[in-house]
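FYI, side chains are in, hydrogens and waters are out, and symmetry mates aren't considered; it's all heavy atoms of this structure. Order of the sequence lines fixes the chain letters, A, B, ..., with proteins taken first and strands second; residue numbering starts at 1 for each chain.
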Amino acid sequence: MTDSEILSVLHPDGTVDPLLDPGLPDPEMLSLYRHMVLLRAIDEKAVALQRSGRIGFFVPSTGQEACSIGAGHAVREGDWIFPAYRDHGVGLMRGYPLAALVGQILGNTADATRGRQMPNHWCDRSIRLVSVSSPVATQLPHAVGAAYAAKVRGERVAVLTTFGDGGTSTGDFHAAMNFTGVFRLPVVFFCENNRYAISLPVEHQTATGTLAEKALAYGLPGVRVDGNDVLAVRKVVGDAMERARAGEGGTLIEALTYRLGPHSTSDDPTVYRSEEEVAAWRGKDPIRRFAVFLKGRGLLEDPAAEEAGAKEAVRRAVEAAEGAPPVPLSSLFEDVYSEIPWHLAEQRDSLLSGKG
Amino acid sequence: MTDSEILSVLHPDGTVDPLLDPGLPDPEMLSLYRHMVLLRAIDEKAVALQRSGRIGFFVPSTGQEACSIGAGHAVREGDWIFPAYRDHGVGLMRGYPLAALVGQILGNTADATRGRQMPNHWCDRSIRLVSVSSPVATQLPHAVGAAYAAKVRGERVAVLTTFGDGGTSTGDFHAAMNFTGVFRLPVVFFCENNRYAISLPVEHQTATGTLAEKALAYGLPGVRVDGNDVLAVRKVVGDAMERARAGEGGTLIEALTYRLGPHSTSDDPTVYRSEEEVAAWRGKDPIRRFAVFLKGRGLLEDPAAEEAGAKEAVRRAVEAAEGAPPVPLSSLFEDVYSEIPWHLAEQRDSLLSGKG
Amino acid sequence: MAEVTLIKAINDALATEMARDPSVCVLGEDVGRGGGVFRATEGLLRRFGPDRVIDTPLNEVGIVGMAIGMAMNGLRPVAEIEFSDFIYPAFDQIVSEMAKMRYRSAGQFTAAVVLRAPSGGGIRGGHYHSQSPEAYYIHTAGLVVVMPSTPSDAKGLLASAIRGEDPVIFLEPKALYRTVKGEVPQGEYLVPIGKGRIVRPGDDLTMITWGGMVPVAEKAAAAAAAEGVDVEIIDPRTLWPLDIGMIEASVNRTGRAVVLHEAPRTCGFGAEVAALIQERCFLHMKAPVARVTGFDTPFPYALEKSYLPDPERTLRAIHASMAF
Amino acid sequence: MAEVTLIKAINDALATEMARDPSVCVLGEDVGRGGGVFRATEGLLRRFGPDRVIDTPLNEVGIVGMAIGMAMNGLRPVAEIEFSDFIYPAFDQIVSEMAKMRYRSAGQFTAAVVLRAPSGGGIRGGHYHSQSPEAYYIHTAGLVVVMPSTPSDAKGLLASAIRGEDPVIFLEPKALYRTVKGEVPQGEYLVPIGKGRIVRPGDDLTMITWGGMVPVAEKAAAAAAAEGVDVEIIDPRTLWPLDIGMIEASVNRTGRAVVLHEAPRTCGFGAEVAALIQERCFLHMKAPVARVTGFDTPFPYALEKSYLPDPERTLRAIHASMAF
Ligand SMILES: Cc1ncc(C[n+]2csc(CCOP(=O)(O)OP(=O)(O)O)c2C)c(N)n1
Ligand SMILES: Cc1ncc(C[n+]2csc(CCOP(=O)(O)OP(=O)(O)O)c2C)c(N)n1
Ligand SMILES: [Mg+2]
Ligand SMILES: [Mg+2]
């Protein structure tokens, strides 16, 4: 494959490329679709919650649903996920419960992580979905370490880590890619090139023609995929995960996509992007594109009903979680260390007693 | 040029490749030779000084003289040099005086930098030879910044920065290469691949076949050169510097060479390298190789006399500098800030008065 | 003079200095087309062009390292780090390079970079958009550390930092970006580095605080005043080198001191201030130097309000000191 | 029991723990074939193989980040940073990731990495082979910071760090690697984290010191003893969380305290110790807590001997405190 070739499966007319079709069973395909729809419903609701001051912040993934849902579907039991903040879809697809996701956003006792982090910084040990961090790309070297541990124990698992185009410029990317090449580790680097790092266009992020070709600098293969094509993403990530599990080493995947909304609820993208550009990409909506295919296959009848159902599910989840009590003050001092040392005990006691 | 092609000029029989010969005038060629010989004489003496406890430490460049001398010769007035600790040759070739070099090693008042740093950490503002640092590759982003400043002022100068194979793994390399590509800056990245980073063989440093191909990840050209061939190094670095001065951007050069001695006076290379390997490379000695050519041209008669002369020059320089007084105590507190703030004045006064 | 916000004052300082001196450049993530995530650099790209207002790739080593090289070659770079929490990838460039360049070259090369970074809590930003890292830089020999708490100080100190010959870590209290307003002199305006400001004179107790905690201290002092306790508030403005004379004179007079800061307590700058005061004012002290600080935990999201010192916690420390 | 050097004791701890627990791995630059630049990992590659003794490329982000991921997935990594001065490229991984992993995931994930790094001066190493960075890590919530000063403590503390559930910055006083010898128990041996050691009991003054300064304190105390001043020396061994009880009890008894460390004074750990003592022992204090420290300059090469606190400077501080 040449560097600039972009793999895609879903044709505009709703048919698929038979050679590249990952061949998923019908219920699986419907599940992909439903998760994409759910993901978008979550974004909408979360942005509304932020606008009304009920949560502090949110990072939507609208427009990139094919990426995280397609990639998430390629993850198997035993695999690890080291996601970026924009990739709630990966966890969701892997079974991270909507209730848990909503609880995390709200940061009350419905949050398994006790309100410790901003929205979008989820984790769930039971599915090896690792705690999201805000500094860009710090999760990449962790993926390397987890893969190393799995490899030396002889486990047939793969490690998926996700990040953006901006992430390729970080030192953590350089370290993680190089270590993966040197130790021949089962890490799949899934880069969602949504063309911007906040306001910076990818053409100013790096002078290479593609991000995928950066893989060669580390002795790894690099692949480009249409990131608005959920079946293509599923195919490419699935293949790379399979290679990884088979002991054939890591892969860098560049998924070409676009974030239709703001970088986060704090961002105003009209400052740095034209209406026309956004409109053009809105025409390539990954959910609509997949719906055309599913309709053609007779798997989907009423997209509007699916959307309404998803919205209702999110509404109910928020309603349920919003009632949960706030996290207790004492929890502030827990989990800093495995046990509470004297100085934190003193600080806790003085706060709780209203003295300090 | 393909990535794996290694440019060389000096043939084993003492002739040169006429197409690649940089065509230096005879005195210049003799000057290259004499600086290589001087460099080696410095190494020998400095290692002896360290062994006898008169200096704390030294990093020799024995075996790599063609690299730093060839590269140094390609630097012109107005160009900047951001060298690594092993590249005293670059400065030397550019006119950094032997006396200054020896003063720095001794760290007394003969040292223009007031004994502030270990041996090998020279600098000389007058020739834009920038202060060497110990952390590997931190100078690379500085080279980018200096190049940026020159570029926006419209100066036709180039910036040379040097580092080792290990340096390519650092985050500073990744940042500097990428910024150079994005801003199209006149930086020449001269990587001396001496096959080891202390004990780590380059095959374990990275999984790429060559270091030069890493350039492509940043939209820059990458070139390989025989690092034991001073004319080839001069040619390749000269061309890259010319491209840089002409506004055509940066280049990564991988020079293939070998350090014949220890990493530093603290290192025992027998732990990690075989005698045979070292012997094979000793057979490729860059000084002897150049001498064969110069003899063939009738430019050099008595290498032994050259060596003896260099040794004598170094001996005399050390003798002269060793007599210099130690740096004064008060200098400890100077140059931390542009002016001495109260706390340093207090600390100085208490030290000088014998109180604190 | 117009009443402007602190962020506008920063923007004003940058524009004024860039207009005055063509060697002043700004660089960082989103500083150009984006105008800065807090809009500190808004309008600068249009006015001064892309050579001097530089959008960089996402790499803090590159930003700081490039700024150092620019400074070595005659420019006056003002680098923005998007949040002070994201400065750490560049920590090596800061402590090993920027801070030591002058010393190690015996003054032949200097790295007079100004590193601006929004700092502190108050925006529901959790772990990585809220921290107060001043102690790391104060502990690093060779750096000047500045943190303004008013718009006019922000303008005047930033201008002084840009004109100075030393590397400066310029921390901006993001909680105050839009919540404090004040009169700011137009045109060129300088506030000297190294001089504190008496925010409120008082006779009974000296409170040393900075950045986002200054308004908290003022509220606590007002409450204390209502109880008859007269608190002097000192904002050092330049955290290091500290205006020790101002603090010493005050504490020698009041005999009581409270240090108030957002950063975690242990090895925070409050420890240094406390150590200095007890060294210098020992015989005048009527009570130990008290510290009111963030807790020794990562910065929390949901419990931010309880984490950050507030006027009540501060007032309790005043009570405890007075009653000692 | 054999008399061994501190570096041998480190090597012994690594070998013993690796033999005991197959999940213990070491990684870093030159730790395998090279055996470590100070030979701390000598012989481990041959004994435990390349899967557990990992030579890494030259990248500290990779070393620390990889170690974090290994720890998250069931291994017990002991990462070596060649000199503590070269840790800074990984500073973000340490403060943003390693220190906060447990907190931010509410205990779902932990990063119980042990980061070993030779630290301190005494080898004519100049700026970048001599620094004492403990304060940076003590200020970072979530990290345990350990620094032994004897071979047996080195072995026992390193073993405890490896078995513990928290991330540990394990600083090794390189000046003492081969200059101190001591008896070290063979086989498994643990010294508890968080407990100080009374190096020398005394009644007149409490000296708190650690790492390479312990022998300096002992010399100064011997000289003081000759003058009739009885100095108690406390080596906290675990710098954080500090054994505050031991210090408090001592200072309440002696009424005088000197903190002695190599790191620059300002915002060094000495400031925290001084702040804690004056907070907790105020009414017992007969003199201010004094600090004998490295100066607030980058670490110099030629003037290293004058930079580092020596017994004379320490003794002068004892005199000043006694005479206060
Ligand atoms: C180390 C670091 N520097 C800066 C930031 C601020 N920041 C947050 S997101 C972002 C852009 C990331 O862009 P990209 O990697 O393309 O991901 P995307 O947001 O487009 O998904 C920046 C600069 C950060 N989080 N971490
Ligand atoms: C950031 C950093 N990490 C570790 C070291 C310790 N160290 C000094 S030199 C060296 C190897 C450098 O190898 P290379 O870049 O190939 O240069 P060479 O010494 O072979 O010329 C290492 C690991 C350092 N100086 N800086
Ligand atoms: Mg992006
Ligand atoms: Mg090398």
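With a 4.5 Å cut-off on non-hydrogen atoms, C:Thr56 touches chain B through its backbone and its side chain both. Contact of B:Asp172 with chain C is made through backbone and side chain together, with heavy-atom distances under 4.5 Å. Heavy-atom distances place the side chain of C:Asp92, and not its backbone, under 4.5 Å from chain B. Of the atoms belonging to B:Trp122, not a single heavy atom falls under 4.5 Å from chain C. Heavy-atom distances place the side chain of B:Glu346, and not its backbone, under 4.5 Å from chain C. No part of B:Val159 comes within reach of chain C, as not one of its non-hydrogen atoms sits under 4.5 angstrom from that chain. Only the side chain of B:Arg116 comes within less than 4.5 Å of a heavy atom in chain C; its backbone stays farther off. The contact between C:Leu276 and chain B is made entirely by side chain atoms (from C-beta outward), counting heavy-atom distances below 4.5 Å.
Comparing B:Asp111, B:Thr138, B:Val132 by how many heavy-atom pairs each has under 4.5 Å with chain C, the most go to B:Thr138. Chosen from B:Ala175, B:Gly115, B:Gly145, B:Ala176, the residue pairing most often with chain C at heavy-atom distances under 4.5 Å is B:Gly145. Of the residues considered (C:Ser105, C:Ser23, C:Ala71, C:Cys25), C:Ser105 shows the highest number of contacts with chain B, using heavy-atom pairs under 4.5 Å. Most heavy-atom pairs under 4.5 Å with chain C, from the set B:Pro341, B:Ser133, B:Ala112: that is B:Ser133. Contact count against chain B (heavy-atom pairs under 4.5 Å) is highest for C:Leu75 among C:Leu75, C:Leu27, C:Val64. Highest contact tally toward chain B, considering only C:Lys100, C:Met70, C:Glu165, is held by C:Met70 [criterion: heavy-atom pairs under 4.5 Å]. Here B:Asp124 is the residue among B:Asp124, B:Leu140, B:Val182 with the most heavy-atom pairs under 4.5 Å with chain C.
The aromatic ring centroids of C:Tyr88 and C:Tyr136 lie less than 6.0 Å from each other. For B:His174 and B:Tyr218, the distance between ring centers is under 6.0 angstrom. If you look at C:Trp240 and C:His139, their ring centroids are not closer than 6.0 Å. With ring centers used as reference points, C:Phe83 lies 6.0 Å or more from C:Tyr128.
Considering only residues two or more places apart in sequence or on other chains, C:Arg116 meets the salt bridge (Lys or Arg N to Asp or Glu O under 4.0 Å) condition with C:Glu80, C:Glu172. Among residues two or more places apart in sequence or in another chain, the side chain to side chain contact (heavy atoms under 4.5 Å, CB included) test is passed with C:Ala249 by none.
Residues B:Glu77 and B:Arg94 are not paired through a salt bridge, judged by the lack of any N-O separation under 4.0 Å between the basic side chain and the carboxylate. Taking a cutoff of 4.0 Å between a charged side-chain nitrogen and a carboxylate oxygen, C:Asp153 and C:Arg197 qualify as a salt bridge.
The interface of residues 327-340 of chain B with chain C, defined by heavy-atom distances below 4.5 Å, comprises B:Ser331, B:Leu332, B:Glu334, B:Asp335, B:Val336, B:Tyr337, B:Ser338.
Sequence neighbours left out, the pairs with a member in residues 102-113 of chain C that pass salt bridge (Lys or Arg N to Asp or Glu O under 4.0 Å) are C:Glu97-C:Arg104, C:Arg102-C:Asp166.
The closest side-chain heavy-atom distance from C:Thr209 to C:Asp235 is not below 4.5 Å.
At least one donor-acceptor pair under 3.5 Å links the side chain of B:Thr168 to the backbone N or O of B:Asp165.
Of the options C:Val191, C:Val146, C:Asp243, a side-chain contact (heavy atoms from CB on, under 4.5 Å) to C:Arg237 is made by C:Val191 and by none of the others.
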